[in-house]
Amino acid sequence: MTMPIAKALDLDAIVLDKPIFDPKAYGLTDEQAEIMTRARTLGQSVFAGRASKWDREAIFPAENYKDLHQAGLLGIAIPKVHGGLGADYQTYAMTAAEIGRYCGATALTWNMHVCSTLWSGPLADDLEMDEPTRADQERRRAIHYKRIVEDGAIYSQPFSEGGAAAAGGVAFGTEAKPVDSGWLVNGKKIFASLSGHANYYGVLCTEIAEGEKASRRNTLYLALPADAPGVSVVGDWDPLGMRGTVSRTLIFKDVFVPFDAALMPRGVYFQAAMRWPHMFLTLSPTYVGLAQAAYDFTVKYLRGEVPGTPPVKRRMYPTKQIAVAQMQIKLEQIKGIWFQAITEACANPTKEQVLRAYAAQYSVMEGANEIATLAIRTCGGQAMLKSLPLERIYRDSRCGALMLPWTAELCLDRIGREALYEQGEKDE
């Protein structure tokens with residue numbers, strides 16, 4: 001069971017950083033502010049000190065997940081009736097940014113876990129289902145939620161396969177064949193965060209009946225137990241950044257899962273992908289946090305306040321002041337468009353809202369690394385030492401623009417095309 005974070009930590013000994021999104025300035029509720037403070041306290045007092053270890057050794061932050069469970073944050077998006085915090089999309093996104101501020105790998109993998117509950121919870125509640133289907137969905141998701149809230153079970157969300165499926169272009173190559181009482185799953189997922197560490201893999205796969213052609217409409221979202229026969233983790237993991245995500249390759253060979261393994265009913269994932277596009281924006285909070293972290297480090301460094309460095313102030317030089325001003329402007333631009341996008345997230349958004357979501361994704365994923373790059377140039381050579389966090393923040397921030405389903409290039413392509421064409425419109 002969980003306990004309030006105030007009881008788990010000595011808050012009197014912590015001078016908390018200011019929130020990324022000030023509750024009064026952004027019109028947030030007391031409940032939202034409390035959840036975000038819970039995450040910021042944990043991140044600042046615990047996760048920040050461990051982050052270099054996960055990065056240096058490319059190992060999964062398992063200890064952090066025990067703390068997330070104790071703080072109730074594994075169930076942040078689980079409805080209160082099921083024992084969770086009942087956070088909505090906006091609240092989750094801002095909270096994830098606070099985690100990303102202190103440990104990018106923890107925030108990014110936590111996103112993969114939370115999406116299993118966000119998609120099957122508040123997002124699915126916005127979609128169309130008949131009463132029997134909705135009742136069955138409620139019964140099934142209660143099984144998954146109980147594992148998380150009571151036992152601290154970790155879910156992941158392996159998505160990529162090395163082709164166009166993760167970008168929504170074709171059906172997933174991982175297939176689920178209907179059999180008595182469930183499905184047999186076969187396939188492969190690459191860059192699968194939490195591989196070897198999650199208790200359940202939330203696998204997107206295509207249901208294929210005998211003689212049928214693969215279709216995106218038949219996408220299933222199934223929770224495969226990590227210890228199920230036929231599940232294996234292969235390959236090494238030694239990347240540039242986000243090293244603690246441990247995103248090794250998953251192989252599924254005739255893995256049987258029962259019908260209750262479905263995180264969404266048949267047809268609902270496809271409906272979500274078509275009608276709830278902001279579901280694919282949830283990778284971005286981590287990078288909002290990294291952008292804030294790069295700025296925070298620069299200000300503290302120039303003020304001579306970074307632990308482990310001489311208390312030498314460098315703030316009096318005009319070139320440094322101008323650089324900090326540029327970073328502040330870029331950070332506020334990122335926060336402004338991103339906050340608007342996560343606030344608008346809903347079923348059936350307008351064309352303008354979808355375009356803004358793409359623009360927010362692009363702005364965050366490119367802007368975080370731009371701020372980190374400027375931070376290194378401004379702070380100078382000492383900031384590149386691995387004993388300080390900025391070097392890791394820089395490497396982690398470089399990874400965001402590459403991430404499917406909304407890479408930076410795909411966002412540009414979709415913004416340009418959809419701004420110039422209405423749905424169904426073609427050139428004669």
Side-chain angles (χ1 to χ4, degrees), residues 75-90 92 114-149 155 157 159 165 168 170-172 174-185 200-225 256-282 344-351 353-354 357 405 423-424:
I76 184 172
I78 292 176
K80 292 179 180 179
V81 68
H82 292 292
L85 298 184
D88 61 9
Y89 184 99
Q90 183 200 56
Y92 162 66
V114 172
C115 278
S116 66
T117 63
L118 189 69
W119 290 9
S120 63
L123 191 151
D125 289 343
D126 269 356
L127 302 175
E128 295 175 2
M129 299 180 222
D130 59 33
E131 287 306 313
T133 301
R134 192 169 294 282
D136 198 41
Q137 164 70 356
E138 177 65 20
R139 180 188 63 78
R140 282 200 312 271
R141 70 183 182 181
I143 296 171
H144 301 288
Y145 295 168
K146 183 177 180 181
R147 294 169 181 162
I148 294 169
V149 171
Y155 281 62
Q157 192 166 266
F159 204 85
V170 298
F172 285 100
T174 301
E175 297 182 348
K177 180 182 178 181
V179 294
D180 289 343
S181 305
W183 297 274
L184 283 180
V185 178
Y200 295 88
Y201 299 117
V203 177
L204 291 164
C205 51
T206 306
E207 185 174 32
I208 300 287
E210 196 69 36
E212 284 187 0
K213 185 178 179 180
S215 170
R216 291 172 59 215
R217 292 183 176 276
N218 295 330
T219 302
L220 293 176
Y221 186 25
L222 307 178
L224 277 62
F256 173 77
V257 287
F259 289 130
D260 280 345
L263 287 161
M264 284 180 164
R266 284 185 172 98
V268 174
Y269 172 81
F270 180 77
Q271 185 188 160
M274 296 296 101
R275 297 181 53 211
W276 234 102
H278 291 76
M279 68 188 289
F280 300 123
L281 190 63
T282 61
E344 293 174 339
C346 63
N348 306 315
T350 65
K351 175 181 175 178
Q353 288 171 332
V354 174
Q423 189 171 6

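All heavy atoms count here, side chains included; hydrogens, waters and symmetry mates do not.
Rounding to the nearest 0.5 Å gives a distance of 10.5 Å between OH of Tyr269 and CG of Leu123. Note: Ile78 CD1 to Ile148 CD1 = 4.0 Å, rounded to the nearest 0.5 Å. Atoms NE2 and CD1, from His82 and Ile143 in turn, are 11.0 Å apart once rounded to the nearest 0.5 Å. Expressed to the nearest 0.5 Å, how far CG of Leu281 lies from CH2 of Trp276 amounts to 9.5 Å. Between the CZ atom in Arg139 and the CG atom in Asp260 there is a gap of 4.0 Å [rounded to 0.5 Å]. Of the inter-residue distances, the one linking Trp119 atom CH2 with Leu204 atom CG reads 5.5 Å to the nearest 0.5 angstrom.
Put simply, the side chain of Leu222 reaches to within 4.5 Å of the side chain of Cys205, judged on heavy atoms.
With hydrogens and angles ignored, the 3.5 Å screen pairs a side-chain donor or acceptor of Tyr145 with a backbone N or O of Gly121. Within the 3.5 Å criterion, the main-chain N or O of Met264 finds no donor-acceptor partner in the side chain of Ser120. With hydrogens and angles disregarded, no donor-acceptor distance shorter than 3.5 Å links the side chain of Glu344 to the backbone of Pro349.
With sequence neighbours left out, the salt bridge (charged side-chain N to carboxylate O under 4.0 Å, His left out) criterion links Arg141 to Asp125, Glu138. When the salt bridge (charged side-chain N to carboxylate O under 4.0 Å, His left out) test is applied to Lys351, the partners found at least two apart in sequence or on another chain are Glu422.
Contact record, Leu263 with Gly202: CD1-CA, 4.1 Å, taken as the closest heavy-atom pair. Here the shortest heavy-atom pairing between Cys115 and Gln157 reads CB-OE1, 3.3 Å. Taking each heavy atom of Pro122 and Thr117 in turn, the nearest pair found is CD-O, 3.8 Å. The shortest heavy-atom contact between Val149 and Gly84 is CG2-N, 4.3 Å. For Ala262 against Trp183, the heavy-atom pair with the smallest separation is CB-CH2, 4.3 Å. Listed here is the closest heavy atom pair of Gln353 and Cys346: OE1-SG, 4.4 Å.
The ring-ring contact (aromatic ring centres under 6.0 Å, His included) pairs that include a residue from residues 120-144 are His144-Tyr155, where partners are two or more places apart or lie in different chains.
Between His278 and Tyr89, the two ring planes are perpendicular [angle over 60°; tilted spans 30° to 60°].
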Step by step, work out the side-chain contact (heavy atoms from CB on, under 4.5 Å) result for Thr219 and Phe172. CA-CA 7 Å; Thr219 302; Phe172 285 100; 4.0 Å; yes
Output, in order, the C-alpha distance, side-chain angles, deciding distance and verdict of side-chain contact (heavy atoms from CB on, under 4.5 Å) for Lys177 and Ile208. CA-CA 5 Å; Lys177 180 182 178 181; Ile208 300 287; 5.8 Å; no
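There is no side-chain donor-acceptor pair under 3.5 Å between Ser215 and Asn218.
Only one option out of Arg216, Arg217, Arg266 pairs with Glu207 in a salt bridge (Lys or Arg N to Asp or Glu O under 4.0 Å); it is Arg266.
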